[in-house]
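Quantities reported herein were computed from a predicted structural model and do not represent experimental measurements. In what follows, every chain begins at residue 1, and chains take the letters A, B, ... in the order their sequences are listed.
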Amino acid sequence: MVSEKFTKPYNPTENEQSIYKMWEDSGFFNPDNLKEKNKDGDPYCIIMPPPNANGSLHAGHALFVTLQDILTRTARMQGFKALWVPGADHAGFETQVVYEKKLTKEGRSRFQMSREELYREIWDFTQENKKYMENQLRRLGASCDWSRETFTLDEKVIKQVYKTFKKLEEDGLLYRGLRSVNWCPKHQTGLSNLEVEYEERVEKFYYIKYGPFVIGTARPETKFADKYIVVHPDDKRYSKYKHGQTFEVPWINGTIKATLLKDEAGDPELGTGAMTITPWHSEIDFEIAQKYNLPYEQIIDERGRLLPIAGEFAGMKIEEARPKIVKKLDQLGLLVKVDEDYKHSVPVCYKCKREIEPQLKRQWFIKTKPLAQKAIDAIVSGEVKFVTERYKRVALHWLENIKDWNISRQIAWGIPIPAKICKNCNAGFVDLEDKINKCEKCGGEVEKEKDTFDTWFSSGQWPFVILDYPDGDDFKTYYPTEVMETAYDILFFWVTRMIMLGIYRTGKPPFKWVYLHGLVRDAKGQKMSKSKGNVINPIEVSDQFGTDALRMALVVGNTPGTDLNLDVNKIGAYRKFANKVWNIARFVLTQIEQHGQGEINANDQKTLVELQKFADEITEDISKFNLHLASEKLYHYIWHTFADKILEESKSDLQSDNKELASSKATLLLEMLKIQLKLLHPFMPFLTETIWQEIPDDMKDEKFIMISSWPSNIKLKHELA
RNA sequence: GGGCGAUUAGCUCAGUUGGCUAGAGCGUCCGCCUUACAAGCGGAAGGUCGUUGGUUCGAGCCCAACAUCGCCCACCA
């Protein structure tokens with residue numbers, strides 16, 4: 001008797017959670033438990049970009065789950081040894097920022113806590129969130145192997161990251177140096193160039209008399225200690241002065257002695273062509289200072305206040321000091337003119353949008369050029385391929401112009417940098433076993449490095465870490481993995497770094513394919529954000545429409561690498577589709593129950609052959625990563641070919657007195673239903689499994705559609721065109 | 001300053017190597033509770049595929065220029 005379930009419309013929430021539990025209990029997410037056809041199959045591995053363990057999943061997570069799950073499920077049904085490895089990310093700076101906001105709400109501050117306290121609290125916070133996040137992944141249908149799940153602060157991760165750090169030192173690719181870093185005065189940490197954004201601002205631009213010169217600046221508050229003036233060697237305006245010539249310059253807090261430098265760094269086109277330098281608070285100025293071995297002095301402290309060198313302005317915040325300084329300059333007769341609407345872009349912290357104040361800091365840097373070169377080679381040779389050609393060019397451009405990577409962060413939440421620092425000469429030494437107790441250079445006293453790693457330094461090693469390089473079975477079986485599927489906005493942060501560090505440690509890039517998806521925006525194409533109130537919570541949507549409907553809405557028409565506008569109406573449309581499939585199944589199963597199975601007649605065999613061709617086409621689309629086409633075709637075929645035509649036209653036979661004819665037709669419909677359910681399963685796993693469970697055991701090849709055999713002989717093999 | 005993407009029905013988007021009488025969802029209009037499905041069925045309206053020029057037997061698709069919107073990178077004393 002066809003289940004009573006079928007008398008009602010399809011109710012996703014009634015079925016999804018129990019179906020997922022059934023899958024998970026079966027153990028088949030773990031390829032080690034799969035049957036022979038998979039065990040002997042080729043490996044197919046996707047490493048999941050570990051979601052941050054600091055909040056709930058957003059629509060972007062739902063998109064990656066959908067895409068990666070489609071690939072994994074297809075591969076599994078195809079007989080591959082299919083493995084999708086989940087993880088959770090401690091997400092260093094990101095999480096600390098989230099937690100600091102929480103502290104602020106509670107009226108607390110991290111600056112009132114010890115590092116250890118803060119670390120412990122955030123640890124507990126992430127462990128809670130991690131569970132929450134994992135269950136959300138389950139809700140989205142992720143067929144990943146939970147037995148292999150790894151947290152990015154797990155012991156094995158830290159060990160590997162330390163090994164890489166040590167190896168970099170041994171290979172001469174690591175140095176600790178005084179460098180200009182992007183300092184965020186709010187978060188009290190240095191940031192990488194990638195974590196700095198630029199904002200267009202209109203500010204005042206001041207022309208100030210500096211001895212015989214006039215200099216232009218938007219930041220007069222940094223100029224207290226400027227003792228060097230730079231012009232271009234070919235700038236005719238200054239040809240009467242010589243390189244190295246000195247001047248008595250009446251300045252803000254008294255007369256100083258200034259020296260002229262003629263250097264190509266001076267740009268004759270800009271302002272007056274003359275500039276003074278502030279090495280402590282400008283990267284370019286610092287480079288000039290280093291070139292000529294000039295002294296440098298700190299003017300602004302880490303909180304953005306002026307230091308005693310500013311005299312009467314000491315202790316003031318920049319915003320407060322600037323107008324006062326300008327006023328004084330004017331009174332001294334040094335202010336030449338003010339350009340009122342000077343348009344320029346200022347660097348800001350990507351989290352708090354506070355203006356970045358460059359500071360000189362001793363930090364750990366990786367020499368990235370040699371690593372980048374190997375990554376470039378791997379991409380150019382096609383060892384790593386990109387699904388979207390344009391991102392290949394973007395990645396190459398970035399790698400070709402790469403700068404050394406500052407991996408030090410002054411935050412508590414992260415992997416501690418295992419090193420000792422000399423209190424006397426500031427030299428730093430990598431120290432994995434806590435063995436170094438005096439400076440290897442000067443014999444001075446050493447202390448433990450307090451900084452932590454940039455979180456991307458450890459996540460850049462994720463694939464070989466999680467698969468247990470070098471001796472783990474997983475590493476031997478699955479590395480290099482098949483596809484790295486993630487959002488394009490972390491191409492530089494993560495993907496290129498994984499290629500670099502993967503090759504560096506293992507000799508091979510960590511994946512064969514890079515599939516970058518776009519951002520999920522709201523129906524109007526606006527970025528989703530809490531403040532706009534346009535965030536689509538994937539779990540709420542799943543509750544309302546069913547996970548399968550959400551998945552279809554995320555994949556149909558979503559070309560790789562392009563942003564997707566997600567309209568709730570679209571999700572509703574696929575809920576209707578789910579119900580349509582449900583009703584198709586009810587009809588077919590009722591017919592087969594009534595008429596029994598028979599021989600499919602010769603004419604109908606042709607219909608089956610047509611469907612077979614269609615199945616091949618879907619397989620090829622998936623091979624080419626054209627999931628947006630495959631899903632749309634499935635929708636169209638099932639609804640408008642199968643239901644509207646084949647099924648409708650079969651009704652006369654099914655109602656005929658000729659029992660043989662009726663059972664033959666019912667059998668055809670059953671066969672076709674099974675093939676379609678299988679093809680649809682990677683896209684709409686819950687619905688298809690729910691229906692599959694209603695098909696009598698003797699009419700199907702496997703108990704779970706999840707591990708049933710794929711209805712096409714074409715082998716899944718990723719290639720484009 | 002350098003680079004990239006988009007522009008197709010009222011809205012949001014597909015259209016894979018040029019063959020298209022240009023599709024889907026939502027929306028609109030007309031008619032249907034026809035025993036799988038009203039979350040449905042049958043039917044209809046709606047597009048000079050951003051503009052201009054070129055290549056071709058044939059262009060939404062290829063080339064060139066322009067326009068508008070968006071994104072990325074670099075840098076700004």
Side-chain angles (χ1 to χ4, degrees), chain A residues 2 6-11 193-194 198 200 205-208 210 215-220 222-223 226 229-231 265-267 269-278 282-285 288 342-347 388-391 393-394 397-398 401 403 488-489 491-492 518-519 521-525 527 545-546 549 552-553 556-559 561-591 617 620-621 624-626 628-633 635-636 639-640 643-644 647-648 651 654-655 669 720-721:
Chain A
V2 169
F6 276 118
T7 56
K8 288 178 284 185
Y10 177 60
N11 181 351
N193 291 339
L194 288 174
Y198 288 86
E200 277 274 297
F205 192 77
Y206 307 95
Y207 290 90
I208 304 166
Y210 189 85
I215 58 163
T217 183
R219 303 204 52 194
T222 64
K223 301 290 169 205
D226 287 13
I229 183 146
V230 180
V231 299
D267 184 351
E269 305 290 317
L270 255 167
T272 59
M275 66 170 174
T276 60
I277 58 166
T278 315
S282 155
E283 186 175 351
I284 292 176
D285 294 3
I288 298 169
Y342 173 62
K343 221 166 114 180
H344 68 154
S345 46
V346 296
T388 313
E389 184 72 14
R390 70 174 194 266
Y391 289 117
R393 293 196 300 268
V394 174
H397 182 262
W398 188 80
N401 296 287
K403 287 188 180 170
Y488 66 68
D489 61 350
L491 172 59
F492 306 142
L519 307 180
R521 299 169 177 280
D522 75 3
K524 291 174 191 154
K527 215 171 169 177
F545 298 100
M552 283 297 272
V556 175
N558 184 5
T559 36
T562 319
D563 290 351
L564 170 77
N565 295 355
L566 185 60
D567 190 335
V568 176
N569 287 329
K570 188 176 176 189
I571 307 171
Y574 291 106
R575 178 178 63 171
K576 289 184 186 175
F577 176 59
N579 193 46
K580 185 73 185 180
V581 177
W582 182 250
N583 283 311
I584 289 169
R586 178 209 305 193
F587 180 76
V588 173
L589 292 177
T590 311
Q591 295 305 317
E617 200 183 320
E620 275 170 8
D621 279 335
K624 291 177 193 165
F625 297 104
N626 283 329
H628 63 300
L629 295 183
S631 50
E632 192 174 0
K633 284 177 188 173
Y635 174 93
H636 206 261
W639 199 315
H640 300 299
D644 289 353
L647 209 143
E648 288 300 328
K651 281 182 178 171
L654 290 166
Q655 283 157 17
L669 295 182
L720 301 175

| request: Convert the base pairs of RNA chain B into dot-bracket notation, remembering that pairs crossing earlier ones are written with [ ] and that bases paired across to another strand are shown as |; include only Watson-Crick or G-U pairs under 3.5 Å. | output: (((((((..((((.....[...)))).(((((.......))))).....(((((..]....))))))))))))....
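When the P atom is compared between B:G70 and B:A65, the two are found 23 Å apart, to the nearest whole Å. Separation of the C1' atoms belonging to B:U35 and B:C49 is 45 Å when rounded to the nearest angstrom. Taking atom P in both B:G42 and B:U48, one finds a spacing of 29 Å when rounded to whole Å. Rounded to whole Å, the separation between the P atoms of B:A45 and B:C29 comes to 16 Å.
If you check residues 566-573 of chain A against RNA chain B, the residues with a heavy atom closer than 4.0 Å are A:Asn569, A:Ala573, listed by number.
Note on A:Lys651: a base of the nucleic acid sits closer than 4.0 angstrom, heavy atoms only. If you check every strand for non-hydrogen atoms under 4.0 Å, A:Ile284 touches sugar and phosphate atoms only. The residue A:Arg586 sits close only to the backbone: its heavy atoms come under 4.0 Å of sugar-phosphate atoms, none of a base. Base engagement by A:Lys633 is indicated by at least one non-hydrogen atom pair under 4.0 Å involving a base atom.
Taking A:Ile584 as the reference, A:Lys580, A:Val588, A:Ile638, A:Phe642, A:Ala643, A:Leu647, A:Leu673 meet the side-chain contact (heavy atoms from CB on, under 4.5 Å) condition, with sequence neighbours excluded. Not a single side chain to side chain donor-acceptor pair (under 3.5 Å) links A:Lys403 to another residue, sequence neighbours left out. Checked against side chain to side chain donor-acceptor pair (under 3.5 Å), A:Thr217 has no partners two or more places apart in sequence or in another chain.
For A:Lys8, no side-chain nitrogen or oxygen approaches OP1 or OP2 of B:A39 to under 4.0 Å. Contact annotation: A:Lys403 reaches the phosphate of B:C75 (side-chain N/O to OP1 or OP2, under 4.0 Å).
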Donor-acceptor pairs are to be reported for all side-chain atoms of residues 565-578 of chain A against protein atoms at under 3.5 Å, with residues two or more places apart or in another chain.
| unit_1 | atom_1 | unit_2 | atom_2 | d |
| --- | --- | --- | --- | --- |
| A:Asp567 | OD1 | A:Asn569 | N | 2.9 |
| A:Lys570 | NZ | A:Ala553 | O | 3.1 |
| A:Lys570 | NZ | A:Val556 | O | 2.9 |

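Using a 30° and 60° split on the angle between ring planes, A:His344 and A:Tyr342 fall in the tilted class, from 30° to 60°.
Of the two residues contacting RNA chain B, namely A:His397 and A:Asn579, the nearest-nucleotide position lying further toward the 5' end is that of A:Asn579.
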